[in-house]
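The structure appears below as structure tokens.
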Amino acid sequence: MKETIYTIPLTEAFEEKTECPLCVIYNKLEREAISFTLGNSYMQSDFRDITDQMGFCSHHYKKLYDYGNRLGMGLILSTHYKNLYKSLDKLLNKNILPKTTFIERLKGTTPPVNEVSEAIEERINSCFICNKLDVDMSRYISTFFYLYNSSDDFKQMFLDSKGFCLVHFNEILKQAPMHLRDKEKDDFYEQSKKMLLESIKRIQAEVEWFVDKNDYSNADKPWNNSKDAIQRGIQKIAGICPDMEVFKQTK
Ligand SMILES: [Zn+2]
Ligand SMILES: [Zn+2]
């Protein structure tokens, strides 16, 4: 098997036998991106030019805040705010609130989207970390298909796994046409579909047993696989690990 910097972490993620190996990779990359952002990179002007421009999404502001290093965050925010002021000042210069008729207001018609709101929304969702993770994750997805195509051992490991969460299943589906020939595409689709549906069925039963197990009449019965069914149940559909420890800077 040809080894790249992506093949080993991906294989190791599959070996963890979780609900989704790509969630394992994503969480690892996200922690790296957070410690990179609040490590020493914010002192470098080229990096700051990027964060001044892009900022972060709400999800990653929270993760950066939880990580610690308030001074680093302060420096990042301080110059990002200057950038934000300039762009908002320019953007809000045009008053674009659309005119509405009395009838439209009476009917409560949804107002047409205006370009300022669209630009603000783009700004709110713009995120240096999300951007970086998108690039890195797509390299891991390409590596997944490379290994699936070239290694029987890896293919078997995939087929024996619990597949992916719904979020990463969807990412894989979107990228599959670029990596598989038509015949392989059909096989892959059938395999993945079967694995996903089996997982959903299995987790539904595990969650159901979690609920039933809380009934006093089942107190002496075994948990089977249901003790952590809620965490896994959330991960499988949302692509997040709700019981993951908050990532903090080590002093
Ligand atoms: Zn996932
Ligand atoms: Zn983000």
(message) With a 4.5 Å cut-off on side-chain heavy-atom distances among I, L, V, M, F, W and Y, is there a chain of contacts connecting Met54 to Met43?
(response) yes
(request) Would you mind checking if Glu190 and Lys193 are paired as a salt bridge, meaning a charged N to carboxylate O distance below 4.0 Å? (result) yes
(request) Write down the atom of Arg232, the atom of Ile203, and the distance for their closest heavy-atom approach. (result) O-CD1, 4.1 Å
(request) Kindly give the heavy-atom pair with the smallest separation between Thr11 and Met157, and that separation in Å. (result) CG2-CE, 3.4 Å
(request) Evaluate the criterion side chain to side chain donor-acceptor pair (under 3.5 Å) for residue pair Gln156 and Asp160; output intermediate values, then yes/no. (result) CA-CA 6 Å; Gln156 197 53 51; Asp160 293 339; 3.1 Å; yes
(message) Could you work out, with salt bridge (Lys or Arg N to Asp or Glu O under 4.0 Å) as the rule, every residue matching Asp66, not counting sequence neighbours?
(response) Lys62
(request) Consider only side-chain N and O atoms of Glu184 and His179, and report whether a donor and an acceptor are under 3.5 Å apart. (result) no
(request) Give the cluster check for Tyr26 versus Ile5: same hydrophobic cluster or not, with ILVMFWY residues linked at side-chain heavy-atom distances below 4.5 Å. (result) yes
(message) Any donor-acceptor pair under 3.5 Å linking the side-chain atoms of His59 with those of Glu30?
(response) yes
(request) Check whether any side-chain N or O of Ser226 sits under 3.5 Å from a backbone N or O of Val207 as a donor-acceptor pair, and report yes or no. (result) no
(message) Keeping Ser126 on the side-chain end and Glu122 on the backbone end, is there a donor-acceptor pair under 3.5 Å?
(response) no
(message) Could you check whether any side-chain N or O of Asn27 sits under 3.5 Å from a backbone N or O of Cys23, counting only pairs where one atom can act as donor and the other as acceptor?
(response) yes
(request) Determine the minimum heavy-atom distance between Pro21 and Gly163, stating which atoms define it. (result) CD-O, 3.2 Å
(message) Can a side-chain donor-acceptor contact be found between Gln231 and Gln235 if the only test is distance below 3.5 angstrom?
(response) no
(message) Donor-acceptor pair, distance only, cut-off 3.5 Å: does the side chain of Asn69 make one with the backbone of Gly72?
(response) yes
(request) Starting at CG of Leu75, measure out to OG1 of Thr51 and round the result to the nearest 0.5 Å. (result) 10.0 Å
(request) Indicate yes or no: does Arg202 engage Glu206 in a salt bridge with an N to O separation below 4.0 Å. (result) yes
(message) I'd like to know if the side chain of Asn214 reaches the main chain of Phe210, judged simply by a donor and an acceptor atom lying under 3.5 Å from each other, with no hydrogens or angles considered.
(response) yes
(message) Please tell me whether Met244 and Leu133 are part of a single hydrophobic cluster in this structure, the criterion being side-chain heavy atoms less than 4.5 Å apart.
(response) no
(message) Counting only heavy atoms from other residues, nucleotides and ligands, does the tally under 6.0 Å from CZ of Arg181 exceed 12?
(response) no
(message) Are Asp187 and Lys183 packed together at the side-chain level, in the sense that at least one heavy-atom pair is separated by less than 4.5 angstrom?
(response) yes
(message) As an exercise, state the distance from CG of Leu159 to CZ of Phe188, rounded to the nearest 0.5 Å.
(response) 9.5 Å
(request) Can you measure from NZ (Lys132) to NE2 (His60) and round to the nearest 0.5 angstrom? (result) 11.5 Å
(message) Looking at every heavy atom in both Asp52 and Thr79, which two are closest together, and how far apart are they?
(response) OD1-OG1, 2.7 Å
Without placing hydrogens or testing angles, list every side-chain donor-acceptor pair under 3.5 Å for residues 32-41, not counting sequence neighbours.
{"residue": "Ser35", "atom": "OG", "partner": "Arg31", "partner atom": "O", "Å": "3.1"}
{"residue": "Ser35", "atom": "OG", "partner": "Glu32", "partner atom": "O", "Å": "3.3"}
{"residue": "Thr37", "atom": "OG1", "partner": "Ala33", "partner atom": "O", "Å": "2.7"}
{"residue": "Ser41", "atom": "OG", "partner": "Phe36", "partner atom": "O", "Å": "2.1"}

(request) State, yes or no, whether a side-chain contact exists between Glu104 and Lys107 at a heavy-atom distance under 4.5 Å. (result) no
(request) Report yes or no: does Glu198 contribute a side-chain atom to a donor-acceptor pair with the main-chain N or O of Met195 at less than 3.5 Å? (result) no
(message) Testing the 3.5 Å rule here: is there a donor-acceptor pair between the side chains of Asn114 and Glu118?
(response) no
(request) Answer whether the closest heavy-atom distance between the side chains of Val116 and Leu92 falls below 4.5 Å. (result) yes
(message) Between Trp209 and Asp212, does the side chain to side chain contact (heavy atoms under 4.5 Å, CB included) criterion hold? Intermediate values first, please.
(response) CA-CA 5 Å; Trp209 179 238; Asp212 291 347; 3.7 Å; yes
(message) Given 3.5 Å as the limit, does a donor-acceptor pair link the side chain of Arg123 with the main chain of Ser87, or not?
(response) no
(request) Report the distance from atom CD1 of Ile141 to atom NZ of Lys174, rounding to the nearest 0.5 Å. (result) 9.0 Å
(request) Is it possible for you to check whether Lys155 lies under 6.0 Å from the centre of the six-membered ring of Tyr148, through NZ or CZ, and within 45° of that ring's axis? (result) yes
(message) Do Leu197 and Ile172 land in one hydrophobic cluster if side-chain heavy atoms of ILVMFWY residues count as linked below 4.5 Å?
(response) no
(request) Give the C-alpha distance, both sets of side-chain angles, the deciding distance and a yes or no for salt bridge (charged side-chain N to carboxylate O under 4.0 Å, His left out) between Asp182 and Lys185. (result) CA-CA 5 Å; Asp182 284 349; Lys185 230 174 273 173; 2.9 Å; yes
(message) Using every non-hydrogen atom in the two residues, find where Pro9 and Ile25 come nearest and quote the distance to one decimal.
(response) O-CD1, 3.6 Å
(request) Just do the side chain to side chain contact (heavy atoms under 4.5 Å, CB included) check on Trp223 and Lys213 with the steps written out, would you? (result) CA-CA 7 Å; Trp223 276 98; Lys213 176 74 178 88; 3.6 Å; yes
(message) What's the separation between atom CG in Leu166 and atom CZ in Phe169, rounded to the nearest 0.5 Å?
(response) 7.5 Å
(message) With heavy-atom distances below 4.5 Å as the criterion, would you say the side chains of Phe247 and Lys63 are in contact?
(response) no
(message) Using 0.5 Å steps for rounding, measure from the CG atom of Leu29 to the CG atom of Leu22.
(response) 10.0 Å
(message) With a 3.5 Å distance limit and no angle check, can you tell me whether Lys162 reaches the backbone of Cys20 through a side-chain donor-acceptor pair?
(response) no
(request) Could you tell me which non-hydrogen atom of Val167 sits nearest to which non-hydrogen atom of Gly239, and how far apart they are? (result) CG2-N, 3.9 Å
(request) Could you tell me how the ring of Tyr61 sits relative to the ring of His80: parallel (under 30°), tilted (30 to 60°) or perpendicular (over 60°)? (result) tilted
(request) Consider only side-chain N and O atoms of Lys90 and Asn93, and report whether a donor and an acceptor are under 3.5 Å apart. (result) no
(message) When you compare the side chains of Ser217 and Asp215, does any donor N or O come within less than 3.5 Å of an acceptor on the partner?
(response) yes
(request) Check the pair Phe164 / Phe158 against ring pair (Phe, Tyr, Trp, His ring centres under 6.0 Å), numbers first and verdict last. (result) CA-CA 10 Å; Phe164 301 106; Phe158 163 64; 5.8 Å; yes
(request) Please confirm whether the backbone N or O of Phe14 pairs with a side-chain atom of Ser161, one donor and one acceptor, at under 3.5 Å? (result) no
(message) If we ignore hydrogens and angles and just use 3.5 Å, is the side chain of Thr100 paired with the main-chain N or O of Arg105 as donor and acceptor?
(response) no
(message) Test of understanding: clusters of I, L, V, M, F, W, Y form through side-chain heavy atoms closer than 4.5 Å, transitively. Do Leu180 and Leu147 belong to the same one?
(response) yes
(request) Establish, yes or no, whether a centroid distance under 6.0 Å links the rings of Tyr146 and Tyr6. (result) no
(message) Quick one, Asn125 and Cys57 - any side-chain contact, counting heavy atoms below 4.5 Å?
(response) no
(request) List the steps and the verdict of side chain to side chain contact (heavy atoms under 4.5 Å, CB included) for Gln191 and Lys194. (result) CA-CA 5 Å; Gln191 290 159 353; Lys194 187 167 168 272; 5.9 Å; no
(message) Counting C-beta onward and ignoring hydrogens, is there a side-chain heavy-atom pair between Cys165 and Glu19 closer than 4.5 Å?
(response) no
